[in-house]
Engineer: 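Structure provided below as C-alpha cells; questions to follow.
Letters A, B, ... are given to chains in the order of the sequence lines, protein chains preceding strands, and every chain is numbered from 1. FYI, side chains are in, hydrogens and waters are out, and symmetry mates aren't considered; it's all heavy atoms of this structure.
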There are 2 protein chains.
Amino acid sequence: MTRAAAPACTEAGLPDPARMTGETMARVAKALGHPARIRILQQLDRCIPSVAGQIMDDSGLAQSTVSEHLRILREADVLFARKDGPRTWYCVRRSVLHAFARALEDLALEPVLRHHPG
Amino acid sequence: MTRAAAPACTEAGLPDPARMTGETMARVAKALGHPARIRILQQLDRCIPSVAGQIMDDSGLAQSTVSEHLRILREADVLFARKDGPRTWYCVRRSVLHAFARALEDLALEPVLRHHPG
DNA sequence: TTCACAAATCGGCGAATGCCGATAGAGGCG
DNA sequence: CGCCTCTATCGGCATTCGCCGATTTGTGAA
C-alpha cells in the first residue's frame with residue numbers, strides 16, 4: 001500500500017434526489033453506460049487519491065481518456081470530486097446511485113404494487 | 001379504452017442474470033440512457049398492444065424512431081417482444097431491471113457491508 | 001523562480017447515435 | 001387476389017462519443 005491516506009469524503013450536505021425524474025434517470029444511466037465507467041466505480045468504492053493515474057494503470061486507457069470518463073461521471077452527479085493540492089480525490093455519490101436504483105426498482109414493480117407519491 | 005386485451009406476457013423461462021457483470025451493467029445502462037426510452041418503459045408497465053403507434057402519438061417521435069428505441073431496449077434484454085399477427089406485444093423484463101438495480105445498490109453500499117459471492 | 005508532477009483540456013480522427021422519410025414485409029379482411 | 005394496418009428496416013444526415021497525443025493549468029518542492 002504505497003497510497004496516501006484518503007481524506008474524509010462523505011456526502012454530507014449533498015442533495016439527495018428524492019424522486020428522480022425520467023430525465024435524471026436517463027442522464028445517470030447514460031453516464032453509467034460504458035464498461036470503463038462501471039469499472040471506475042467498482043474501483044472507487046472508497047476515496048482513493050490520484051485516481052486517474054491509478055485507473056489508467058489498471059485499464060490501459062490513456063490519462064486523458066480516464067479524465068474524460070471521470071468528468072462524465074462527475075457531471076452526472078455520480079462522482080464527487082475534491083481537490084487537495086495537485087491531486088483530486090474522487091468518491092462515489094452513493095445517494096445518487098441508491099436513488100437511481102430505487103427508481104429502477106419502482107419501474108420493475110408490478111403496477112398494482114407500485115409506490116406513488118402523495 | 002379502445003385497446004384490445006393484452007395476452008399473458010410473463011417472463012417465465014427467461015434467464016434471470018444472477019450476478020451481473022460490469023459489461024452487462026454497462027449494456028443495460030446504455031440502453032436506459034435516453035429520456036425517450038425511460039418514457040417508453042414508464043408507459044410499458046403492463047403489456048400493451050401496438051406499442052409503437054401508441055408511444056409515437058405520445059412522444060411526437062416518428063414511428064421508425066420509436067421502433068429503433070424499442071429495438072435497443074430489446075437487444076439489451078430490457079424488453080421482451082412477442083409477435084401476434086401483424087402487431088407486437090412488448091413487456092418489461094422486470095427481472096433484468098431488478099437485477100440491474102440490485103447491482104447498483106451493491107455499488108452504492110459501503111465496502112465493508114458489501115455482499116460478496118461465495 | 002524554476003522544476004516536476006497530477007489532472008484537465010484541446011484538436012482530430014473514426015465509429016456510433018438519434019432522427020427522419022421512404023420502403024419492405026407480415027397478416028387480417030373484402 | 002388487392003387493399004389496409006402495423007411494424008421493422010434502409011439510406012442519409014447531423015451530432016455525439018471514445019479514444020489518443022499534445023498542450024495547458026494548477027500545485028508543491030527545490
Engineer: Do the non-hydrogen side-chain atoms of B:M25 and B:L107 ever get within less than 4.5 Å of each other?
Structural biologist: yes
Engineer: Whole angstroms only, please: what is the CZ-P distance between B:R82 and D:dT7?
Structural biologist: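 Rounded to whole Å, this separation is 16 Å.
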Engineer: Any Lys/Arg nitrogen of A:E75 or A:R71 sitting under 4.0 Å from an Asp/Glu carboxylate oxygen of the other?
Structural biologist: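 Salt bridge present between A:E75 and A:R71.
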Engineer: Can we say B:D58 and B:R39 salt-bridge, meaning some charged N sits less than 4.0 Å from an Asp/Glu carboxylate O?
Structural biologist: no
Engineer: How close or far is atom C1' of D:dT16 from atom NZ of B:K30, stated in whole angstroms?
Structural biologist: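 Computing the B:K30:NZ to D:dT16:C1' distance gives 11 Å.
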Engineer: Which part of the nucleic acid, if any, lies within contact of A:S64, taking any heavy atom under 4.0 Å across all strands shown: a base, the sugar-phosphate backbone alone, or nothing?
Structural biologist: base
Engineer: Which nucleotide in the set C:dA6, D:dA8, C:dA8 lies at the smallest distance from any side-chain heavy atom of B:R74?
Structural biologist: D:dA8
Engineer: Side-chain N or O of B:R37 less than 4.0 angstrom from OP1 or OP2 on C:dG18?
Structural biologist: yes
Engineer: Would you say B:Y90 reaches D:dA8's phosphate, i.e. side-chain N/O to OP1/OP2 under 4.0 Å?
Structural biologist: yes
Engineer: Would you compute the distance between atom CG of B:L73 and atom NE2 of B:H34 and round it to the nearest 0.5 angstrom?
Structural biologist: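 Nearest 0.5 Å value for the CG-NE2 distance: 11.0 Å.
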Engineer: Using a 4.0 Å heavy-atom cut-off across all strands, classify B:E68 as base, sugar-phosphate, or nothing.
Structural biologist: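 Result for B:E68 = nothing.
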Engineer: Does A:H69 place a side-chain N or O at less than 4.0 Å from the phosphate oxygens OP1/OP2 of D:dC17?
Structural biologist: no
Engineer: Taking the nucleotide of DNA chain D with the closest heavy atom to each, which residue, A:I72 or A:K83, is nearer the 5' end?
Structural biologist: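 Between the two, 5'-proximity favours A:I72.
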Engineer: For A:I55 and D:dC19, what is the distance between atoms CD1 and P respectively, to the nearest whole Å?
Structural biologist: 13 Å
Engineer: Starting at the 5' end of DNA chain D and moving along, which residue's nearest nucleotide shows up first, A:P86 or A:G60?
Structural biologist: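 On the 5' side of the pair lies A:G60.
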Engineer: Can you identify which nucleotide, out of D:dT27, C:dG27, D:dT7, has its nearest atom closest to the B:A52 side chain?
Structural biologist: D:dT7
Engineer: Please report, rounded to the nearest Å, how far the P atom of C:dA7 is from the CD1 atom of A:I40.
Structural biologist: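 For the pair A:I40 CD1 and C:dA7 P, the rounded distance is 12 Å.
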Engineer: Rounded to the nearest angstrom, tell me the gap between atom CE in B:M56 and atom C1' in D:dT7.
Structural biologist: 10 Å
Engineer: Using whole Å, what does the distance between atom P of nucleotide D:dT25 and atom CD of A:Q63 come to?
Structural biologist: 15 Å
Engineer: Quick one: OG on A:S67 to CG on A:L61, what's the gap to the nearest 0.5 Å?
Structural biologist: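 If we round to the nearest 0.5 Å, A:S67:OG and A:L61:CG are 12.0 Å apart.
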Engineer: Let me know, please, whether B:H34 or A:T65 comes out on the 5' side of the other along DNA chain C by nearest nucleotide.
Structural biologist: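 Its nucleotide being nearer the 5' end, the pick is A:T65.
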Engineer: Counting side-chain heavy atoms from CB outward, which of D:dT7, D:dT5, D:dC20 is closest to A:A62?
Structural biologist: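 The listed nucleotide nearest to A:A62's side chain is D:dC20.
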Engineer: Specify the separation, in whole Å, of atom CZ of B:R87 and atom P of C:dG27.
Structural biologist: 13 Å
Engineer: Mind calculating the distance between CG (B:L73) and C1' (D:dA8) to the nearest angstrom?
Structural biologist: 15 Å
